[in-house]
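Read through the structure below, which is laid out as structure tokens, and then see the notes.
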Amino acid sequence: MVAITLPDGSVRSFDGPVTGAEIAQAIGTGLAKSALAIRIDGVMKDLGTTLTADARVAIVTRKDAEALELLRHDAAHIMAEAVKELYPDTQVTIGPAIENGFYYDFAREHPFTPDDLETIEQRMREIVARDEAITREEMDRDAAVAFFLGMGEKYKAELIAAIPEGQAISLYRQGGFIDLCRGPHLPSTAKLGKAFKLMKVAGAYWRGDSRNEMLQRIYGTAWFDEKELAAYLTMLEEAEKRDHRRLGRDMGLFHQQEEAVGAVFWHPKGWQLWRTVESYMRRRLEQNGYQEVKTPQLVDFSLWEASGHADKFSESMFTIKTQDERHLAVKPMNCPCHVQIFRTGIKSYRDLPLRMAEFGSCHRYEPSGALHGIMRVRAFTQDDAHIFCTEDQITSETIAFCELLKSVYADFGFTDIRVKFSDRPVKRAGSDVSWDKSENALRSAAEAAGLEMTLNPGEGAFYGPKLEFVLRDAIGRDWQCGTLQVDTVLPERLDAHYIAEDGSKTRPVMLHRAILGSFERFLGILIEHHAGRFPVWLAPVQVVVATITSEADAYARDVLTRLKAAGLRAELDIRNEKINYKVREHSLAKVPVMLVVGKREAETQAVAVRRLGGTTQEILALDDVIAKLTAEATVPGA
RNA sequence: GCCGAAAUAGCUCAGCGGUAGAGCAACUGAUUCGUAAUCAGUAGGCCCCCGGUUCAAAUCCGGGUUUCGGCACCA
């Protein structure tokens, strides 16, 4: 007797061993049809799994959140089967489900072409139509290694060989294709359905290590129904429309060119945006007890050797040999310079916490393949600051920083924030004792700040652990921007100290922190988040005054003067064009507010207010409109 | 840096051995018009760069640069 407890608490008894499929069948034929897998005592298993003992069982259908992962994993296997059928000289490696889809890495001499993708996708549809059963089998580890080597699958054999001896290896077979896989899988290939699409081919290193050979990765997307697939593809199109490179050009914000790779030419409108963000940040920092400084662009290389940066990053530093044989580096970061300022004069415990901020312009020779629009550049400006404090102050400084960071993000329209905790990396400076100390201090400070964190093992900076703040944008993409890092190494290496209450020389702790990260990147994110339709306070041009007829020109000029006097960034459009044309043009330029004036408005000292994207107008008295817009244009927190 | 793809007018793209094209934008003229494209005309090109093949190269070949999509990297 096997007693199965279902999620609703009811119990069903079976005479002997029973499979998940049989349980589903016993509950109902409808359920049996839609059953994809089962959950035994909370663990997802194949539908074909045989139960020999009492258990809690849930039938997994497509309504289950994790079912989509199964579907995508199956899609990866079916793609591998298709590739092996079409190109038998290919070796298979790994193929997991990922966000929105799946991929599979193949080893093959000839590159896959876009045409190949179509062929493979077509074959996948055939395999789905064949409805091949997906069955699980087990094999002894060494037998499995021999089995895959015998098939010429050396990558698979390598993966299996890394599994501890004596452990049974599970294999999944579908048609003529067999793959090493932990599972679980759907019962047959037909379950994949039609809602999938191969997206792109790309290179990827074997085992994610750049010292290894490069494999060919094919990416695909898969969904339960075609509506979801279509929605996903539409989302991608939306993302493309808000691409900051396209909007940056269309809106006249900036440009980039070959002669200054990895750098940005900011045009007047883009620079206006920058200045708005910068002055906002400057005020927030002042309000929060930071002092702003400015440090040199070119600094003798010896400082970077002393700080330890040269050890790890010399290859990505721009360096200069001067005529008088000095070896300089263009600063890749600001912290060593800030320590130099801290070190001048004698600091007392009364000076701490000392919060030193800089809009630091830095250069890093980023690998060519990493460059991406203004999001990843070689010349960038950080909203950088270092808080010199005592160990006891770490918690209160962390709490204060998190408050500031959240309110800044909220002002820019980001409210969905995630936090990652990154601990010690393999290559690091400082003793294990000091790492224990700083990791514990940061963790407890973050907990005191009420943060929910996920662990990001081994991803800390070489001098200390860090918190990383990830914000989610309007279309659900994540961007890592802010950071807070605890550092006891640099104060030591660069010999910073203060006089403690008892008169002794003591090392301060340094907290490295940034909210926006780099201005270039953050502005790129802002552009994409708002799709170029900035709120009034951020918009480079806030208002356009447009005339309907030249009879209103003089009044329109008055309106412009009044707007400018009120501090609004306004432009005038008195061209001899139809109002439709003007509305369209300024709408495409994403100007948030248009004030349309004709004869009627001129006579009554009014304006017709039209909002970007709106379809209606409101006729209002000029004075009221100016008051309203001035309020809207007010920078948050001012 | 690695794998793959691409580079033609300001933008989007066609042309793929035989005189460089379209739409939009720009410019000029006309139009004074009530909320997302008025009409007509004009101009615009080192076809990414350097070599090679050829009677002839935007087109084929080699090298380079940059960009794009990933991977790796990200103090």
Side-chain angles (χ1 to χ4, degrees), chain A residues 103 105 110-114 199-219 243 245-246 249-250 252 255-262 304 307-317 331-336 362 364-373 376 380 382 384 425 427-429 459-464 466 480 483 485 487 489-490 512 514 517-518 521 546-553 574-589 594-601 608-617 619:
Chain A
Y103 68 77
D105 285 348
H110 293 287
F112 290 112
T113 66
M199 305 297 284
K200 56 198 168 198
V201 211
Y205 296 109
W206 168 234
R207 302 197 137 178
D209 190 328
S210 60
R211 289 166 299 191
N212 289 343
E213 60 270 41
M214 185 152 274
L215 308 171
Q216 294 185 67
R217 175 172 297 179
I218 301 180
Y219 283 95
D243 188 312
R245 292 163 297 192
R246 174 204 287 253
R249 187 187 55 223
D250 291 352
H255 89 269
Q256 298 179 276
Q257 67 185 51
E258 233 177 278
E259 287 78 3
V261 173
W304 309 106
S307 71
H309 290 98
D311 256 358
K312 198 160 186 262
F313 297 110
S314 63
E315 297 220 322
S316 47
M317 286 164 72
K331 73 172 170 185
M333 49 169 0
N334 311 296
C335 22
C362 299
R364 297 178 186 172
Y365 193 80
E366 301 286 4
S368 57
L371 301 175
H372 176 86
R376 186 84 184 266
F380 58 95
Q382 291 175 310
D384 198 10
K427 195 175 174 189
R428 59 179 182 264
E459 296 294 318
F462 74 86
Y463 49 70
K466 51 183 178 180
Q480 186 178 310
T483 182
Q485 307 166 7
D487 179 8
V489 173
L490 269 190
H512 304 239
S518 106
R521 190 171 120 94
T547 50
I548 288 171
T549 152
S550 54
E551 288 177 83
D553 284 3
I574 53 173
R575 291 174 303 170
N576 181 12
E577 295 289 352
K578 289 172 97 166
I579 194 62
N580 283 310
Y581 181 87
K582 295 185 185 182
V583 165
R584 178 180 153 82
E585 219 175 53
H586 301 301
S587 297
L588 289 175
M594 221 179 296
L595 301 183
V596 176
V597 297
K599 239 159 91 178
R600 295 202 294 267
E601 287 76 13
V609 183
R610 186 196 165 95
R611 297 276 172 170
L612 176 58
T615 49
T616 55
Q617 309 93 47
I619 312 289

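Numbers restart at 1 for each chain; the letters A, B, ... are given by sequence-line order, proteins then strands. None of these values were measured; they are calculated from a predicted model.
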Sugar-phosphate only, base, or nothing, as touched by Ile579(A) at under 4.0 Å among non-hydrogen atoms: sugar-phosphate

Check: Gln382(A) side chain, Ala514(A) main-chain N or O, donor-acceptor pair, under 3.5 Å: no

Sugar-phosphate, base or nothing in reach of Arg217(A), heavy atoms under 4.0 Å: sugar-phosphate

Sugar-phosphate, base or nothing in reach of Lys582(A), heavy atoms under 4.0 Å: nothing

Interatomic distance at P, rG51(B) relative to rA57(B), whole Å: 13 Å

RNA chain B: 5'-proximal contact among Gly614(A) and Phe112(A) (nearest heavy atom): Phe112(A)

Same-atom distance (P) from rA14(B) to rA9(B), integer angstrom: 12 Å

rG1(B) to rC60(B) separation - P atoms, rounded to the nearest Å: 26 Å

rC46(B) versus rG64(B) - spacing of their P atoms, nearest Å: 25 Å

Touch class at under 4.0 angstrom, heavy-atom based, for Leu588(A) against every strand present: base

Sugar-phosphate, base or nothing in reach of Lys578(A), heavy atoms under 4.0 Å: base

Sugar-phosphate, base or nothing in reach of His586(A), heavy atoms under 4.0 Å: nothing

Sugar-phosphate, base or nothing in reach of Gly208(A), heavy atoms under 4.0 Å: sugar-phosphate

Ring geometry between Phe462(A) and Phe313(A) (parallel below 30°, tilted from 30 to 60°, perpendicular above 60°): tilted

Sugar-phosphate, base or nothing in reach of Thr616(A), heavy atoms under 4.0 Å: nothing

Non-hydrogen side-chain atoms of Met594(A) and Gln617(A) separated by less than 4.5 Å: no

Whole-Å P distance, rC11(B) and rG18(B): 26 Å

Touch class at under 4.0 angstrom, heavy-atom based, for Asn580(A) against every strand present: sugar-phosphate

Taking only distance into account, with no hydrogens and no angle test, what donor-acceptor pairs under 3.5 Å do side-chain atoms of residues 202-212 of chain A form with protein atoms, sequence neighbours excluded?
from, atom 1, to, atom 2, distance (Å)
Trp206(A), NE1, Glu158(A), OE2, 3.4
Asp209(A), OD1, Arg211(A), N, 2.9
Asp209(A), OD1, Arg211(A), NE, 3.1
Asp209(A), OD2, Arg211(A), NE, 3.4
Asp209(A), OD2, Arg211(A), NH2, 2.7
Asn212(A), ND2, Trp206(A), O, 2.8

Sub-4.5 Å side-chain heavy-atom contact between His512(A) and Thr483(A): no

Interatomic distance at C1', rG17(B) relative to rC73(B), whole Å: 44 Å

Sugar-phosphate, base or nothing in reach of Gln256(A), heavy atoms under 4.0 Å: nothing

Arg521(A) side chain reached by His372(A) side chain, heavy atoms, under 4.5 Å: no

Sugar-phosphate, base or nothing in reach of Ala202(A), heavy atoms under 4.0 Å: base

Gap in Å between the two P atoms, one belonging to rC13(B) and one to rU8(B), rounded: 10 Å

Outermost RNA chain B nucleotides near chain A [under 4.0 Å, heavy atoms]: rG1(B) to rA75(B)

RNA chain B base-pair string [pairs: Watson-Crick or G-U under 3.5 Å; |: paired with another strand]: (((((((..((((....[..)))).(((((.......))))).....(((((..]....))))))))))))....

Sugar-phosphate only, base, or nothing, as touched by Lys331(A) at under 4.0 Å among non-hydrogen atoms: nothing

Residue pair Arg575(A) / Glu585(A), side-chain heavy-atom distance below 4.5 Å: yes

Non-hydrogen side-chain atoms of Val609(A) and Leu595(A) separated by less than 4.5 Å: yes

Sugar-phosphate only, base, or nothing, as touched by Pro367(A) at under 4.0 Å among non-hydrogen atoms: base

Pairwise side-chain contact, Pro336(A) with His309(A), heavy-atom cut-off 4.5 Å (strictly under): yes

Same-atom distance (C1') from rG52(B) to rG69(B), integer angstrom: 31 Å

Touch class at under 4.0 angstrom, heavy-atom based, for Arg364(A) against every strand present: base

Under 3.5 Å donor-acceptor, Arg246(A) side chain and Asp250(A) backbone: no

Which residue lies more 5' along RNA chain B, comparing Glu366(A) with Val597(A) via nearest heavy atoms: Val597(A)

Ile574(A) and Ser550(A), any side-chain heavy atoms less than 4.5 Å apart: no

